[in-house]
Number of protein chains: 2
Amino acid sequence: MAEPRTRREQIVSAALDLLADAGPDGVTMRAVAARIGIKAPSLYKHFPDKDELETALIAEGFRQMAAVFTTAVEGSPDPLGSLATAYRRWATEHPHLYRLMTHKPLRRDLLPEGLEASAALPLVRAVGGNPDLARAAWALAHGLTSLELANRFPPDADIDAAWRTGIAALQAR
Amino acid sequence: MAEPRTRREQIVSAALDLLADAGPDGVTMRAVAARIGIKAPSLYKHFPDKDELETALIAEGFRQMAAVFTTAVEGSPDPLGSLATAYRRWATEHPHLYRLMTHKPLRRDLLPEGLEASAALPLVRAVGGNPDLARAAWALAHGLTSLELANRFPPDADIDAAWRTGIAALQAR
DNA sequence: AGTCTGGGCTAACAACGTTAGCCTTGTCAA
DNA sequence: TTGACAAGGCTAACGTTGTTAGCCCAGACT
């Protein structure tokens, strides 16, 4: 995250750090507050509740994804392939944030307008604008990622091969 | 779930009911206990902690999935298509249980041996034994399901079409 | 000079998972 | 028949969590 300037940004930044190195259970209001040297109830001067703080983390995740995916696609000879690599890479580098972003219904009303779309745009472009194909590709990527993060594949599974097989199939359309 | 006979089965059954109609937050040790007329601490005579109770719910989910998928595939002219339909159907009929089963690392050590494999077998058969293809298909199904349950597709999205597109692509392999 | 307001604080609450320790009931051995 | 023991209830309580109420201080503006 970029230099936190406002107190609100400091809080988000502290929560992101905590999420990254202690997992979702580590992100308690008291722990977040402590990390910036205040007490838990003071957080409520900046966020109405924990849900909105979490949504702010999710928004930051989307911002990062949008940036990473955009640069992954631009000028690539194989946009879908590059995107797939970038997707898996980002998710495995931010496993807890990725899960937070995807595992429950999104409070879209609390998210900046257009943010979600801007993270999705590179993919829509990469598949040539076919929305059904884009959704299938997204689902494939999310499914592979989610199953990998949840340790669902056996230890001897060749996850790269599963990605290649799936992407190649969709690419042929 | 079949007729709960032992106390342990009663507990699992009560927890499943609670999960289905009050969601994950509704499944508290106190609420589960109350539903069968006992107090929360008594649950600990049957399960060492809430984690193991949850794993018992997950095991029941796998049992149901294995049964449903097996009958969906057998004798079908289009095994993969039937399986896809059955998968989506089961998940949307048991959204909370589905999420519980998939959203975090699995305590395999607490699961009956072979149970996970028996739920996966119909799929492996349906794709002709290619493990990479099976994993891609599983990921596609899980991704589509998970995104649908988390309300990730816009209201005007044609989710059926996304399923058809994805499955057709994999089928062509 | 007086008045807001932003943003900290302490104390406290209810709900949660969990533990300690007690008591009753039925089974079975001596 | 009696006594031991295990299974399975119970109450009381603890620490942690999100959250609220209510107080207070500092700076900005009228």
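Being a predicted model, the structure only gives us computed values, none of them experimental. Numbered from 1 within each chain, the chains take letters A, B, ... in sequence-line order.
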Open item on the list: Heavy atoms within less than 4.0 Å of DNA chain D: which residues of residues 37-46 of chain A have one? Give them sorted by number.
Closed with: A:Pro41, A:Tyr44

TODO: Only pairs at least two apart or in different chains count here, so list each ring pair (Phe, Tyr, Trp, His ring centres under 6.0 Å) that has a residue in residues 115-158 of chain B.
DONE: A:Trp138-B:Phe153, A:Phe153-B:Trp138, B:Tyr98-B:His142

Task: ring pair (Phe, Tyr, Trp, His ring centres under 6.0 Å) pairs, two or more places apart, involving residues 46-81 of chain B - done: B:Phe69-B:Tyr87

- [ ] In whole angstrom, give the distance that lies between atom CD of B:Glu52 and atom C1' of C:dG17.
- [x] 15 Å

TODO: Measure from CG on B:Leu18 to C1' on C:dC16 and round the result to the nearest Å.
DONE: 14 Å

Open item on the list: Applying a strict under-4.5 Å side-chain criterion to I, L, V, M, F, W and Y, I'd like to know whether B:Leu121 and B:Leu133 cluster together.
Closed with: no

TODO: Treating Ile, Leu, Val, Met, Phe, Trp and Tyr as nodes and any side-chain heavy-atom pair under 4.5 angstrom as an edge, say whether A:Met65 and A:Val124 lie in one connected cluster.
DONE: no

TODO: Give a yes or no on whether the backbone of A:Leu115 and the side-chain of A:Ser118 come within a donor-acceptor separation of less than 3.5 Å.
DONE: yes

TODO: Report the residues that fulfil side-chain contact (heavy atoms from CB on, under 4.5 Å) with B:Ala117, sequence neighbours left out, ordered by chain and then residue number.
DONE: none

Open item on the list: Under 4.0 Å from a heavy atom of chain B: give me the 5'-most and 3'-most nucleotides of DNA chain D that qualify.
Closed with: D:dG8 to D:dA13

Open item on the list: Is the shortest side-chain heavy-atom distance between B:Val68 and B:Arg89 below 4.5 Å?
Closed with: no

Open item on the list: Could you check whether any side-chain heavy atom of A:Asp17 comes within less than 4.5 Å of a side-chain heavy atom of A:Arg35, counting everything from C-beta outward?
Closed with: yes

Task: Among A:Leu123, A:Val73, A:Val127, the one residue meeting side-chain contact (heavy atoms from CB on, under 4.5 Å) with A:Pro79 - done: A:Val73

Open item on the list: Could you go through B:Leu147 and A:Arg135, starting from their C-alpha distance and side-chain angles, then the distance that decides it, and tell me whether this counts as side chain to side chain contact (heavy atoms under 4.5 Å, CB included)?
Closed with: CA-CA 10 Å; B:Leu147 294 172; A:Arg135 285 177 196 127; over 6 Å; no

- [ ] List in numerical order all residues of residues 20-35 of chain A for which some heavy atom is under 4.0 Å away from an atom belonging to DNA chain C.
- [x] A:Arg30

